[in-house]
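All ligand and atom numbering here is 1-based and tracks the order in the structure. These numbers were taken from a predicted model, which means no experiment stands behind them.
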Amino acid sequence: MELPVLNEQPAKTGGCSASSCGSTDDQLGHLSDEIRAKVQNHPCYSEDAHHYFARMHVAVAPACNIQCHYCNRKYDCANESRPGVVSELLTPDQAVKKTKAVAANIPQMTVLGIAGPGDPLANPERTFETFRRLSAEAPDIKLCVSTNGLSLPESVEELAKHNIDHVTITINCVDPEIGAKIYPWIFWENRRIKGKKAAKILIEQQQKGLEMLVAKGILVKVNSVMIPGVNDKHLAEVSRIVKAKGAFLHNVMPLIAEAEHGTFYGVMGQRGPNALELQALQDECAGDMNMMRHCRQCRADAVGMLGEDRGDEFTLDKIETMEIDYQAAMEKRKLIHQAIEAEMNSKRAEKTETSSKSSPLEALQARPVLMAVATTGQGVINQHFGHAKEFLVYEASPSGVRFIGHRKTDLYCGGDSTCGDGESVLQQTIRALEGCEAVLCSKVGYEPWEMLEAAGIQPNGEHAMEPIEAAVMAVYLEMHQAGKLAAVEIEQRASA
Ligand code: CLF
Ligand code: SF4
């Protein structure tokens with residue numbers, strides 16, 4: 001089956017519509033029923049779905065067949081995970097038990113992924129045993145896998161056999177010169193191969209695997225780690241090539257390199273991109289490719305909604321004591337999924353109606369504005385500023401509101417009252433919101449209010465429980481009425 005070419009629709013200004021830019025959602029209507037069914041409740045493949053549906057990972061795959069300069073083998077595979085976290089390794093049997101326990105207790109969990117702690121396809125017995133049992137015993141759960149791609153071509157048949165219809169390949173380059181700066185070696189045909197030769201083999205395997213998956217009708221997401229000075233200028237080309245070969249979605253993630261993680265890049269002082277650099281590259285790639293902007297770089301044993309981790313509720317000792325009637329759980333899950341989908345459809349219809357009305361600012365010269373939003377899900381503003389561990393960032397402009405990405409408040413800190421050079425958590429949070437001019441939350445305390453204002457970020461608690469896009473647009477209109485978006489200001493900013 002041939003996959004649809006997503007970007008055949010006319011390009012919109014800034015590469016997005018009034019809502020859910022960069023997601024598959026505003027494009028669902030163009031997809032076949034079969035593909036729509038595959039993505040509409042997958043929290044990674046659909047930006048909309050990540051507000052409602054959860055995923056879980058089982059860490060069954062310890063070994064890896066390559067070395068990436070951003071990885072330390074003590075930790076999870078950094079191709080999807082944030083470096084510096086370690087997952088508890090499970091046997092396939094434990095993984096099946098845990099999956100059923102989570103599915104019964106978190107019915108909105110729709111997807112089981114294997115993403116480490118090493119490379120799933122470098123551990124084929126453990127990975128496929130887990131998938132084989134789950135596809136038979138828990139057929140209502142979608143199966144998903146993430147790989148560096150080296151062993152992908154030889155695994156495609158097996159993946160198709162177990163109904164795995166979502167595969168992520170991490171592709172950081174299509175040029176071996178660049179690859180040699182990212183991958184010091186690969187393990188290939190019982191030998192360790194280094195340098196450009198290694199990178200060339202890896203790239204060929206990734207591209208071949210991508211083509212084979214697409215030919216089988218399996219949806220492919222491509223992850224790329226943005227490494228400033230190494231592959232940042234090259235990733236737009238990667239995007240073009242993988243799109244041309246039929247990849248469904250591209251996820252450009254920031255390199256996180258810290259000396260304490262003990263990775264080559266961390267020790268060498270290689271920096272990661274800042275939020276604005278990442279956004280600029282994602283926007284550049286979006287001209288050619290459907291972009292994912294809501295990735296949370298999950299750990300290999302993540303459980304829950306993207307960005308939350310409920311793994312502690314499902315440790316091995318706890319799941320041992322849980323009696324699960326999976327048949328009954330499936331019936332309950334089905335009803336809950338139907339209710340969520342009905343709610344999503346009605347919200348989608350509202351959004352379509354809103355975006356079909358022309359924006360009152362369309363004819364005006366008004367600059368775009370970034371706003372941060374505190375939310376725990378369901379697409380509404382429902383979180384206290386002080387409780388937010390991350391903020392979603394939206395851009396409002398005369399043509400509408402689009403999702404840009406998220407900013408973690410504790411990226412480099414363990415959540416103590418101070419971190420780094422004596423900087424308070426509040427100061428760090430404000431630094432994480434760089435570039436945003438407003439923050440919308442359900443409530444905000446007096447102290448943060450003053451500090452946010454002093455930093456040029458307007459706190460706003462007036463839109464609690466309102467849909468995010470509508471609230472962001474309302475605040476944007478208020479800013480315009482207050483004269484903050486006038487043409488004269490655009491000129492001043494441009495010349496600054
Ligand atoms: Fe897991 Fe990955 Fe499947 Fe999602 S995560 S294997 S596609 S179910 Fe999702 Fe997490 Fe980002 Fe991965 S937010 S790290 S993209
Ligand atoms: Fe580490 Fe994953 Fe790279 Fe293997 S593929 S070296 S586990 S980041």
Short side-chain donor-acceptor distance under 3.5 Å, [Y] and [X]:
X    : Y    : result
K221 : N223 : yes
S442 : H384 : no
T376 : N382 : yes

Going by the order shown, which atoms of ligand 1 are within less than 4.0 Å of some heavy atom of [X]?
X    : result
R296 : 11 (Fe), 13 (S)
L306 : 13 (S)
C144 : 3 (Fe), 6 (S), 7 (S), 8 (S)
K221 : 7 (S), 15 (S)
V111 : 8 (S)
C295 : 11 (Fe), 13 (S), 14 (S), 15 (S)
H57  : 1 (Fe), 5 (S), 6 (S), 8 (S)

When the ring centroid of [X] is compared with that of [Y], is the distance short of 6.0 Å?
X    : Y    : value
F264 : H69  : yes
H294 : H406 : no
F53  : H337 : yes

> Would you say M56 touches ligand 1, if touching means a heavy atom closer than 4.0 Å?
Replying inline: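 No, M56 has no heavy atoms under 4.0 Å from ligand 1.
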>> Tell me whether ligand 2 is touched by I66 - counting only heavy atoms on the residue side and a distance under 4.0 Å.
In response: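 True for this residue.
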>> Once side-chain contact (heavy atoms from CB on, under 4.5 Å) is applied, do any residues pair with D140, and if so which ones, sequence neighbours excluded?
In response: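 D140 satisfies side-chain contact (heavy atoms from CB on, under 4.5 Å) with A138, Y326, M330, R333 once adjacent residues are dropped.
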> Taking only residues two or more places apart in sequence or in another chain, which ones pass side-chain hydrogen bond (donor to acceptor under 3.5 Å, both in side chains) with E211?
Replying inline: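 Only K245 meet the side-chain hydrogen bond (donor to acceptor under 3.5 Å, both in side chains) criterion with E211.
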> What part of N148, side chain from CB on, backbone N/CA/C/O, both or neither, has a heavy atom under 4.0 Å from ligand 2?
Replying inline: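 Within the 4.0 Å criterion, N148 contacts ligand 2 through side-chain atoms alone.
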> Would one find an N, O or S atom of C68, in either backbone or side chain, under 2.8 Å from atom 3 (Fe) of ligand 2?
Replying inline: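 Yes.
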